[in-house]
Amino acid sequence: MFQNLQDKLDKALHTLKGKGQITEINVAETVKEVRRALVDADVSYKVAKDFTSIVKEKALGENVITSLNPGQLMVKIVHDELAKLMGGEVAELKIDDNPTIILIAGLQGSGKTTFSGKLANFLKTKKNKKVLLVAGDVYRPAAINQLQVLGEQIGVDVYADLASKNPVEIAQAAIAQAKQNGNNVIIIDTAGRLAIDAEMMDEIRRVHQTVNPTETLFVVDSMTGQDAVNTAKSFNDVLNYNGVVLTKLDGDTRGGAALTIRTVVDKPIKFISTGEKMEALDVFYPERMADRILGM
Amino acid sequence: VGKSKVDDEVLDDLEEVLISSDVGVETTVKIIRRIEERVERDKYVSTSELDLILREEIAGLLSENNIEDTNGFTIPKKNVPYVIMVVGVNGVGKTTTIGKLASQFKANGLKVVLGAADTFRAAAVDQLVIWAERADVPIVKQAMGSDPASVAFDTIQSAVAQNADVVLIDTAGRLHNKVNLMNELTKIKRVMQKVIPDAPHEVLLVLDGSTGQNAFEQAKQFTQATEVTALAVTKLDGTAKGGVVIGISDQFQIPVKYIGVGEGINDLQAFNKMEFVDSFFKRNN
Ligand SMILES: Nc1nc2c(ncn2[C@@H]2O[C@H](COP(=O)(O)OP(=O)(O)OP(=O)(O)O)[C@@H](O)[C@H]2O)c(=O)[nH]1
Ligand SMILES: Nc1nc2c(ncn2[C@@H]2O[C@H](COP(=O)(O)OP(=O)(O)OP(=O)(O)O)[C@@H](O)[C@H]2O)c(=O)[nH]1
Ligand SMILES: [K+]
Ligand SMILES: [Mg+2]
Ligand SMILES: [Mg+2]
């Protein structure tokens, strides 16, 4: 794919040969190819458009250094700009509060429950924390069992109340139990919900307001297409989350949603999920993501 | 748009609408080209006609690819259970879709048996057990961690013994780039064929309607591994436009049989072409 883009750019830029500079005339076709490549990688159409106009500005008048041909130079500019946009300060998870409360939110099937288990495992084994997982999904069939099975696998306690249908109440009771048992991290798993489901969004808003989490993480499937714009925005409007978790990156998706989300809500990607096992969790590397989106 | 004639700017807007609905670059270019040709042929096309033309082109594209209205699966009344194996990547809605299908089949007077062949994901069997209770149909299961092919085998045997009409086999979510997991599906098929030689009669690939361009790779890889016969596209109750349906039908000619429109037991609809096109446009206005 990267070679593909490179070839296309080389072709689009062939008029440039011998001139040594990227100009308004030869850059237009190139910009179009870059935009196509980004959209093919599931970057939002509008984000891709804005991004390429930044790239265009950067590229214009840029001297072609002898070691790079114009196509290579263009790809380098695109890549560096992508990495810069998704990078910035390394966004560590805040875990010093006692207790630290982490609220997990996202669409159906995005990987919230699995990630909750992974994060608990990570904080237990790598950060020496005493974690309590909270089963806050009272809707999905066997959601509670699922979290309990994961808790057992990693040796972390799970708070569940099979009798309650009220996530706010469950979260409050869990926090009380955590205080009693000396848990210093509380991770609250929640039901999947659509951003347009007003009732369900109101529910998570209430959980958020009540527990006042240290960290709220938005979990998103890296295979998500153009809709990433809407969901990332809507969840952010309601929760003002601190960070994003990109899941299922063990697949072959290009993951353009990462750029979209970073651009529209400007929240850091704090973790990536790369498998179904409890150990399949990694920190986010902007450079690698840029490579991936460009198919490098 | 404030314009009366279809020009480049209008076509650019159209391109944005299609791309922003996950139709994909290739199919979008194809649709735009067709509209350009039509505009050229008909000399003058107003923007108010454009909407109608676009609907026609999209509906036409679906038809060309044999995507017609269905009433879902047709279960023949033979004395052999009709076996439907459900596959797809993680979290798309396979288990939920099986619960909904079981309920529909049962309501149509069919005798249904479920097979819990996802023995891997935490509480996957428990989840299907709850769906079996909701739909009020029997389920065949084994312990977590047991061989999925063995569960499928047991299920088919049990369904034959019970004179069941239809069997739904749930499988674990798997990413299509994982060769060993894809091979496992082939094994499940092979083992079922020991009981019913032409099973599975259907392989239903479930796609999440909010998935982007990766859906193409999913369709391709699952088709290669399991000869997918039908698609179900889920979560279309959200804001995702589900344009992958158009792109995928353009490139794979696999019929879309169902759409998922919610988490409830009744939230599964047989695919209807014009309804899809209508709702596709409603979502875009
Ligand atoms: N391959 C892969 N699968 C994953 C990853 N994360 C989660 N999954 C799988 O994705 C599916 C859905 O994960 P869940 O954790 O149940 O997702 P959820 O967001 O809690 O789902 P709901 O509670 O139904 O909204 C399961 O099959 C998980 O095993 C990942 O990083 N890679
Ligand atoms: N809104 C909405 N949610 C759905 C739909 N279909 C399934 N879901 C939800 O999506 C999540 C995942 O559904 P499952 O049926 O567990 O998906 P799966 O493909 O079996 O998942 P794995 O077995 O883990 O790979 C659950 O929270 C379901 O309730 C739908 O049509 N609309
Ligand atoms: K998904
Ligand atoms: Mg969950
Ligand atoms: Mg399942």
Side-chain angles (χ1 to χ4, degrees), chain A residues 35-37 39-46 48-49 107-114 117 139-153 191-197 220-231 234 247-248 250-257 275-276 278, chain B residues 15-26 28-29 89-96 99 120-131 133-134 144 172-178 207-215 217-218 221 234-235 237-244 260 262-263:
Chain A
R35 196 167 77 197
R36 278 222 166 129
V39 163
D40 256 337
D42 292 323
V43 175
S44 135
Y45 186 88
K46 187 162 179 309
K49 220 169 161 174
L107 294 182
Q108 287 93 345
S110 55
K112 296 176 295 300
T113 306
T114 308
Y139 307 102
R140 168 174 162 164
I144 296 173
N145 309 27
Q146 187 186 355
L147 196 67
Q148 283 170 330
V149 169
L150 296 179
E152 202 157 300
Q153 267 178 31
R193 66 199 73 224
L194 295 171
I196 50 162
D197 187 335
V220 59
D221 188 324
S222 61
M223 293 177 273
T224 310
Q226 298 285 322
D227 190 48
V229 151
N230 304 322
T231 31
S234 309
T247 63
K248 308 180 198 175
D250 45 328
D252 57 5
T253 182
R254 303 270 295 284
E276 298 192 71
M278 286 296 100
Chain B
E15 177 181 304
E16 173 161 2
V17 167
L18 293 172
I19 295 279
S20 303
S21 314
D22 295 312
V23 171
V25 172
E26 206 170 308
T28 294
V29 168
V89 301
N90 307 82
V92 288
K94 295 175 292 298
T95 307
T96 308
F120 177 73
R121 210 216 57 227
V125 175
D126 297 334
Q127 185 187 2
L128 193 68
V129 164
I130 293 174
W131 278 109
E133 281 163 10
R134 287 182 181 175
M144 287 305 292
R174 67 200 73 225
L175 295 175
H176 50 277
N177 59 339
K178 303 203 167 163
L207 297 174
D208 182 326
S210 65
T211 306
Q213 300 306 296
N214 194 249
E217 211 49 44
Q218 293 170 27
Q221 301 301 337
T234 61
K235 308 184 194 175
D237 46 326
T239 40
K241 317 282 192 312
V244 283
E263 299 186 75

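Here is the naming used below: chain letters follow the sequence lines, and residue numbers restart at 1 for every chain. Just so it is clear, the model here is predicted, and its values are computed rather than measured.
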Side chain / backbone / both / neither for [X] at chain A, heavy atoms under 4.5 Å:
X: Glu26(B); answer: neither
X: Glu217(B); answer: side chain
X: Val89(B); answer: side chain
X: Val23(B); answer: neither
X: Asp22(B); answer: both
X: Glu16(B); answer: both

Notebook entry, point to check: For atom NZ of Lys46(A), is the number of surrounding heavy atoms from other residues, nucleotides or ligands below 6.0 Å larger than 12?
Noted result: no
Check: For chain A, which of Ile130(B), Val125(B), Val244(B) has the most heavy-atom pairs under 4.5 Å?
Finding: Ile130(B)
Next item on the list: Using a cut-off of under 4.5 Å on heavy-atom pairs, state which of Leu128(B), Asn177(B), Thr234(B) scores highest against chain A.
Entry: Asn177(B)
Could you check if a side-chain atom of [X] sits within less than 4.5 angstrom of a side-chain atom of [Y], using non-hydrogen atoms only?
X: Met223(A); Y: Asn90(B); result: no
X: Glu263(B); Y: Asp197(A); result: no
X: Arg121(B); Y: Glu276(A); result: yes

Margin query: Quick one about Asn145(A) and Asp126(B) (side-chain donor to acceptor, distance below 3.5 Å, no hydrogens or angles considered), yes or no?
Written below: yes
Item checked: Largest heavy-atom contact set with chain B, pairs under 4.5 Å, which of Ala257(A), Gly225(A), Ser234(A) -> Gly225(A)
